[in-house]
Amino acid sequence: MVAATALAHVALLFHALATTSLTTDEFGTIFSYSAKGPLHVATHYNAPKNHILFNLLNSILPGRESIEPLRARILSYLATIGVIGTMGIFAVRTRRYLESALWMAAWAGSAALIEMSLLARGYGLLCLAAALSCACTVAFFQTRRLGWCIALGGLTALGTYTVPGYLFFGGTLLLSIWLLDRRWPVFLVGVGAAASVLLLYAPVLTQLFHETHEFADKPQGDFQSVEGIFRALRVYGFTGPSWQSLLLFAGACLSSFAVPPGRPVAPALRALMTATLAFFGAMLFLQTPPLRMATCAMLPLAFCAVMAAGELLRLFPARPIVRLAAIAAALWFGARSATAVAHFSYTPIENWSLAAAAIDAAFPTTVSIDYGNSGKYLSYYLAPGRAVVKSAGTDFEESRTLIVDAHRIWANGARNDARDFEARRASSRGVELGVPGSIRVIAMNYAMPPGAQRPALAPSPGARGKFAGTFAISASAHSVVVFFDRAIGDAKVTAALGTDRSLTSLIAGNAVIVPLAGKPAGDLHIEVRTHDSQARPVATLVVPGQLR
């Protein structure tokens with residue numbers, strides 16, 4: 001039951017990411033690296049977004065320039081399926097079915113972790129390397145066969161070749177294993193892994209050091225204090241306040257070292273937890289790494305927590321109590337996964353395709369687009385024939401240009417200001433249409449033509465609003481846009497033209513867009529019902545109009 005509900009949640013995320021537009025970083029990864037071929041990928045490291053192994057593999061597959069979501073993210077999908085396979089094989093090999101199911105549930109219950117793993121970047125490969133490292137470490141200490149250690153050396157080299165920061169986890173893991181097993185072949189595996197990393201990075205080593213130095217000067221690190229670790233746990237692991245994250249982290253650490261040395265899994269847990277702590281320590285020392293670097297540490301952390309708990313419960317003398325505790329844990333994780341499935345909703349990091357759909361539905365092709373900063377990625381989704389300008393100028397004031405940009409609002413606050421965009425918005429008399437995302441918000445700014453209708457209402461809870469009279473729309477109108485001064489989220493919209501109640505509508509941030517192209521004249525009725533988190537009606541807005 002636990003594994004089934006966890007996999008159901010993962011399947012929903014698989015579908016959501018397969019139908020959602022790419023993010024800014026994914027566009028940059030593809031067009032700056034993968035699309036230019038394997039030679040370029042292996043010899044250019046002018047930005048940390050070159051996750052070399054991911055881009056190398058992507059560059060040799062057909063369709064390396066594709067922005068179709070499933071194709072662009074196919075390697076990450078395969079890597080995530082590999083994580084599931086690793087958990088399943090581990091369960092069968094070790095006969096630790098409950099612990100494996102709880103490990104899967106802890107991983108699958110983190111929508112942010114799965115989302116980051118599925119993006120067209122290298123984090124899915126990092127999670128696969130971390131999951132395989134957990135399984136190989138246990139297998140090595142159970143069998144003492146050198147092959148498992150060699151596999152760990154290969155995983156460390158490949159994980160580091162994807163993102164250099166993985167070395168802090170993989171390298172420490174190999175060192176910890178050697179300290180627990182002082183055989184020379186084990187030591188040589190670590191030396192071989194280090195040599196492999198240097199060999200792989202040889203073509204870009206100078207560039208890598210330069211980028212590391214440049215990156216250290218950027219005041220955008222998420223690990224400038226220990227709170228960064230707790231933030232990572234809240235985002236990618238356990239949703240709760242800092243004190244709960246602290247208890248979770250401390251419990252996982254202490255329980256891993258509390259397993260008696262005589263238990264077969266004890267040295268593996270000690271090595272994995274030491275590597276995890278070293279990884280977080282390196283993040284705090286460097287301060288500059290982004291929060292998403294913590295994704296590769298979440299799987300080992302969850303693995304150590306559930307495995308240590310299982311071992312300690314096995315040592316408990318009262319077997320009925322142990323069984324009840326195991327059942328309670330399974331029920332809790334199962335209920336958590338079931339709740340995630342029942343209330344599943346997905347807001348993409350950036351929804352450029354929705355922004356493009358909103359523009360194409362609301363504005364005729366005679367309205368040009370000023371992409372601002374990163375709004376250039378709209379060009380991959382907009383209908384053909386729309387003009388692009390570098391500066392809006394007077395065309396904006398004359399309602400011939402739409403300004404589009406992304407507010408870079410991250411989980412820990414504003415990272416980059418958008419002063420140019422904000423200045424133009426502040427000086428305009430227009431209205432803003434926002435397309436929300438979970439990290440960044442795409443905003444569109446448009447100066448309404450003189451005399452144009454601008455319905456806007458922010459109803460208070462429980463209120464009902466209705467615009468006085470009706471507004472007239474030309475029968476040649478492309479669409480009608482109802483603007484609100486706040487995002488309306490999961491509102492329900494009913495749009496009718498005469499007796500035809502099947503009009504389509506699009507909710508885009510704080511706007512409702514109803515396409516009208518080709519519709520006959522008649523009475524127009526738009527009803528917007530907003531709801532709270534329990535799906536109870538909060539406010540109803542009725543917008544009557546006439547198409548003539």
Side-chain angles (χ1 to χ4, degrees), residues 23-26 28-29 32-33 45-55 76 110 112-113 115-117 119-130 133 155-173 197 201 204-205 207-238 242 245 249 273-302 349 408-416 438-440:
T23 64
T24 297
D25 286 340
E26 291 176 289
T29 295
S32 297
Y33 298 104
Y45 197 90
N46 57 336
K49 69 176 59 176
N50 185 8
H51 297 176
I52 298 182
L53 179 60
F54 175 87
N55 289 324
S76 298
S110 173
L113 180 58
E115 177 187 38
M116 187 59 65
S117 300
L119 295 181
R121 306 200 70 202
Y123 298 107
L125 293 179
L126 289 190
C127 287
L128 177 59
S133 294
L155 289 169
T156 299
L158 294 177
T160 305
Y161 196 45
T162 304
V163 177
Y166 185 83
L167 182 63
F168 297 115
F169 172 78
T172 306
L173 179 59
V197 169
Y201 272 106
V204 296
L205 204 55
Q207 300 174 55
L208 175 62
F209 285 134
H210 175 75
E211 285 302 316
T212 302
H213 176 74
E214 292 291 321
F215 196 63
D217 294 334
K218 298 178 181 179
Q220 60 178 16
D222 292 312
F223 291 96
Q224 298 186 16
S225 70
V226 72
E227 173 60 25
I229 298 177
F230 303 143
R231 189 185 306 120
L233 289 172
R234 291 196 300 271
V235 172
Y236 297 120
F238 183 81
S242 292
S245 300
F249 190 67
M273 183 52 67
T274 299
T276 303
L277 291 174
F279 174 82
F280 280 119
M283 297 299 101
L284 292 176
F285 175 77
L286 295 174
Q287 296 189 341
T288 55
L291 198 69
R292 56 184 176 270
M293 270 302 303
T295 53
C296 67
M298 292 296 107
L299 278 163
L301 182 64
I349 295 175
R408 301 197 171 198
I409 302 172
W410 294 62
N412 64 330
R415 300 284 286 279
N416 301 310
S438 59
I439 292 181
R440 302 174 191 163

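- One N or O on the side chain of Ser76 and one on the backbone of Leu119 form a donor-acceptor pair closer than 3.5 Å.
- Nearest heavy-atom pair, Phe54 versus Gly122, reported as atom, atom and distance to 0.1 Å: CB-CA, 3.9 Å.
- Interatomic distance, CE of Met298 versus CG of Leu126, reported as 12.5 Å (0.5 Å rounding).
- Counting only residues at least two apart or on different chains, no salt bridge (charged side-chain N to carboxylate O under 4.0 Å, His left out) pair has a member in residues 280-291.
- Taking the side-chain contact (heavy atoms from CB on, under 4.5 Å) definition, one finds that Leu277 meets it with Phe249, Cys253, Phe257, Met273, sequence neighbours left out.
- Annotation: the span from Met283 atom CE to Leu291 atom CG amounts to 11.5 Å, rounded to 0.5 Å.
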Begin from the C-alpha positions of Cys296 and Val163 and carry the test side chain to side chain contact (heavy atoms under 4.5 Å, CB included) through to its verdict. CA-CA 10 Å; Cys296 67; Val163 177; over 6 Å; no

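- Between Ser133 atom OG and Leu155 atom CG the span is 4.5 Å, to the nearest 0.5 Å.
- Inter-residue side-chain proximity for Ser32 and Asn50 is flagged as unmet; no heavy-atom pair is nearer than 4.5 Å.
- A search for ring-ring contact (aromatic ring centres under 6.0 Å, His included) contacts involving Tyr33 returns nothing, not counting sequence neighbours.
- Residue pairs meeting the side chain to side chain donor-acceptor pair (under 3.5 Å) criterion with at least one member in residues 275-284, sequence neighbours excluded, do not occur.
- Here the OH atom belonging to Tyr123 is positioned 8.0 Å from the OH atom belonging to Tyr236, to the nearest 0.5 angstrom.
- For the pair Leu301 and Leu233, the minimum side-chain heavy-atom distance is below 4.5 Å.
- With values rounded to the nearest 0.5 angstrom, Leu167 atom CG is found 11.0 Å from Phe279 atom CZ.
- Nearest heavy-atom pair, Leu286 versus Pro289, reported as atom, atom and distance to 0.1 Å: CB-CD, 3.7 Å.
- A donor-acceptor pair under 3.5 Å is formed between the side chain of Glu26 and the backbone N or O of Thr23.
- Take Tyr45 and apply the ring-ring contact (aromatic ring centres under 6.0 Å, His included) test, not counting sequence neighbours, and it matches no residue.
- Once rounded to the nearest 0.5 Å, the distance linking OH of Tyr166 with CG of Leu125 reads 11.0 Å.
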ask   = Yes or no on side chain to side chain contact (heavy atoms under 4.5 Å, CB included) for His51 and Thr29, after CA distance, side-chain angles and deciding distance?
value = CA-CA 8 Å; His51 297 176; Thr29 295; over 6 Å; no

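- Salt-bridge check for Glu227 with Arg234: passed, with a basic side-chain N closer than 4.0 Å to an acidic carboxylate O.
- Ala275 meets the side-chain contact (heavy atoms from CB on, under 4.5 Å) test with Phe169, Thr172, Leu173; sequence neighbours excluded.
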